[in-house]
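Reviewing the structure listed below.
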4 protein chains.
Amino acid sequence: MEALHAATIQVLTQQGLARCTTTRIAARAGASVGSLYQYYPNRDALLAAVLARKLSGVSAAVDLACRAQQGQPIAQMAVALTRAFLAAKLHNPDESKALYAVAAQRGGAALIAQAQASMVVSIATMLASAADVHVANPAVTAEVALNTLVGSVRALLEGLMSPEVAATLETQLGALLTAYFQTHAVARAAASALARE
Amino acid sequence: MEALHAATIQVLTQQGLARCTTTRIAARAGASVGSLYQYYPNRDALLAAVLARKLSGVSAAVDLACRAQQGQPIAQMAVALTRAFLAAKLHNPDESKALYAVAAQRGGAALIAQAQASMVVSIATMLASAADVHVANPAVTAEVALNTLVGSVRALLEGLMSPEVAATLETQLGALLTAYFQTHAVARAAASALARE
Amino acid sequence: MEALHAATIQVLTQQGLARCTTTRIAARAGASVGSLYQYYPNRDALLAAVLARKLSGVSAAVDLACRAQQGQPIAQMAVALTRAFLAAKLHNPDESKALYAVAAQRGGAALIAQAQASMVVSIATMLASAADVHVANPAVTAEVALNTLVGSVRALLEGLMSPEVAATLETQLGALLTAYFQTHAVARAAASALARE
Amino acid sequence: MEALHAATIQVLTQQGLARCTTTRIAARAGASVGSLYQYYPNRDALLAAVLARKLSGVSAAVDLACRAQQGQPIAQMAVALTRAFLAAKLHNPDESKALYAVAAQRGGAALIAQAQASMVVSIATMLASAADVHVANPAVTAEVALNTLVGSVRALLEGLMSPEVAATLETQLGALLTAYFQTHAVARAAASALARE
DNA sequence: CATGAATGAGTCTTCATTCAT
DNA sequence: GATGAATGAAGACTCATTCAT
């Protein structure tokens, strides 16, 4: 039920994972515990479903952004990817943060892995289409880039980031990824030349 | 007690945070619950102590490496920092992974924040001393770099990293940071020239 | 739940406050601990509720008796008050005795204070209406009288009273209060005379 | 040991009976738990000893006062008894209050009973020697009087007494007892006349 | 004799899950 | 299908008591 999803996120953000009990979720959703168990076999399944939905939303947003950048210059890709990822994760920071706690539970890792894999494919595909450079190993580059973005987002969500960095995060990460992408890339012209040899 | 520290890490890695109860820790340590409470006022304090010890170890390792790189070229700094951080975190991967769960607990964030701050200072100081380039804003650069390293390490520890990336992680991150550091830097010669004008 | 009230009193009388645990109460009530906590937020709340019910019963009985004595001679008031209070407290001696232990707990004092205050008002109002005498300070006199009654009842309940006294308690206390009330009173006629001067 | 007595009372008054643990008592006394158990077989024995000492002090004070009033008029006896009892109980109110909690424990009732019996004898003996009146049944009268005093003292210690009453307690109780004693008494002259008939 | 670390039974309290209505 | 009272296992924590040093 939709109400259960929303209620779970509310309880999660307002009370934390430890106090996110089935009774509280049901009460917040205006339903009974019994009803909750008609939609989900147990508490973990509900939490997993909520996490999965959030993750697929982020994946979709990243995928959309990557498709839109097909054939663009690599620097623009870096900026667009950063912007899309930050927007998806920071649109509702409390929710994102709360769900990281859920992800740490047994079973959460698999969902995260799936979402990451999907995003890596999207990013790698985008990188391979760059107009100006040829990325040697798009999958590897995409994965490292994604981990970098995730690292900063977690730091921000967990309150570990200084105001200075937080204020310019998008710029910093855009620059970082641009520099990184170019390190692993070979200019198209040179690549063509190489191929001709 | 030392046995309690070890037991906590064992239970944490083998059973997870949720099943890491005072009873189980005590049993694993070959002690009684009562004894546990003679050394720590409550469960959270024990977990915090274990986390704090690990974090200070990592901080110290990073600090040591940064001091050793004073005055070196920036590319070498990037590689040395990466190597030191990965070595410290991956020396005992199970322990590191288990403690990430603890860090998410109430109180864990403060310890992490403290350790991060300490490492940012070490890294920033090192960057400021680079022989070849002048880093514009060492503190910000250091913080972004640290978050990047953390992001990859978490991905690795949580099993989210592909074998391809894992195999070349140190190289990848070294290159990434080198590129990033140079983005934010101005060649010493140019900087001196600017200063003279 | 009614069964929890009854069970609490039974455990209290048979095992004492120290052994009056939530588990034992629940078992005696034929319920589970969980059920207990669906009716009361914690152990103290249950004990307080049991005490409060008893106290309000005593208060009500005293109030009823006092109202019935409005306008009667003071000696009759003393006897009626004594009779009503003893009847209320000694109707179920085990329960009364057990609850004195509860009253000593944190939070019990407030309930007792409230009940005492209510009874003092009832008694004072009665005293002020005495047909034959004018009580100078009804509130003070009522309070001292109540403490006197309580003192004897506690002695009786705690087994500190000799059989001789116990056998004639009502008579003794009636006489004591009659004598005390008259000490603090002025005959109506004299009072009127004084007022006319 | 003397220090243990003092420490017990301090912990009792400052932390309450529930937090009056053997460890805390020993620490307060500057001793070890082990030492405590060399003087007392268990916690209850220590508490009982502390209570017993306090009670015998009160008994002795009352006895002393009663002996001093031998052969005096009954009104003076009432006042002296009241004064002595209040002084003994209210000299250290916190201690007295804390010990009432101890008295409610298993075993405390017997000690109280013993002290009460002793005081009843002292008071009865005094009453029998009154110069002006002949008390019909000194033991019964003494017991009722004592319970009355105890009732007010408990009310005062437990904070149940209004400031108005507390301010004039000694006067009120003196008057009450005087009135009560005279109710149960026959003037010496009349008594002698009766005896001659 | 003194010490105080170790013990572990016993408390209160929570919460996922069930099932009679 | 919905409900929510009942369950009871499990967790954190306390403390009287013991005993090796």
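In what follows, chains are A, B, ... by sequence order, proteins preceding strands, each numbered from 1.
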Take atom [atom1] of [X] and atom [atom2] of [N], then tell me their distance rounded to the nearest Å.
X       : N      : atom1 : atom2 : result
B/Gln38 : E/dT7  : CD    : C1'   : 9 Å
D/Tyr37 : E/dA5  : OH    : C1'   : 15 Å
A/Leu36 : E/dT17 : CG    : C1'   : 11 Å
B/Tyr39 : E/dA6  : OH    : C1'   : 9 Å
B/Leu4  : E/dA6  : CG    : C1'   : 12 Å

*Note: B/Arg53-B/Glu95 ion pair, threshold 4.0 Å (strictly below)*: no
*Taking a pair as Watson-Crick or G-U wobble with both distances under 3.5 Å, which nucleotide is matched to E/dG10?*
F/dC13
*Any strand: nucleotide that pairs with E/dT21 via Watson-Crick or wobble, under 3.5 Å*: F/dA2
*Going by number, which of residues 9-25 of chain D have a non-hydrogen atom under 4.0 Å from DNA chain F?*
D/Ala18, D/Thr21, D/Thr22, D/Arg24
_Within residues 40-51 of chain A: residues closer than 4.0 Å to DNA chain F (heavy atoms)_ = none
When you compare the side chain of [Y] with that of [X], does any pair of heavy atoms fall below 4.5 Å?
X        : Y        : value
A/Val102 : A/Val50  : no
C/Gln116 : C/Val150 : yes
C/Asn92  : C/Ile9   : no

*Would you mind classifying the nucleic acid contact of B/Ala31 as base, sugar-phosphate or nothing, using non-hydrogen atoms under 4.0 angstrom?*
sugar-phosphate
*asked:* Quick check on F/dT7: is either OP1 or OP2 less than 4.0 Å from any side-chain nitrogen or oxygen of C/Ser32?
replied: yes
*Ignoring backbone atoms, test whether B/Ser35 places a side-chain nitrogen or oxygen under 4.0 Å from the OP1 or OP2 oxygen of E/dA5.*
no
*First encountered from the 5' end of DNA chain E, between A/Gly34 and D/Gly30*: D/Gly30
Between [X] and [Y], is any side-chain donor less than 3.5 angstrom from a side-chain acceptor?
X       : Y       : value
D/Ser32 : D/Ser35 : yes
C/Arg28 : C/Gln14 : yes
C/Lys54 : C/Ser96 : yes

*Would you list the pairs meeting side chain to side chain donor-acceptor pair (under 3.5 Å) in which at least one residue belongs to residues 38-47 of chain D, sequence neighbours left out?*
D/His5-D/Tyr40
*Taking atom OG1 of B/Thr8 and atom CG of B/Leu17, what is their separation to the nearest 0.5 Å?*
11.0 Å
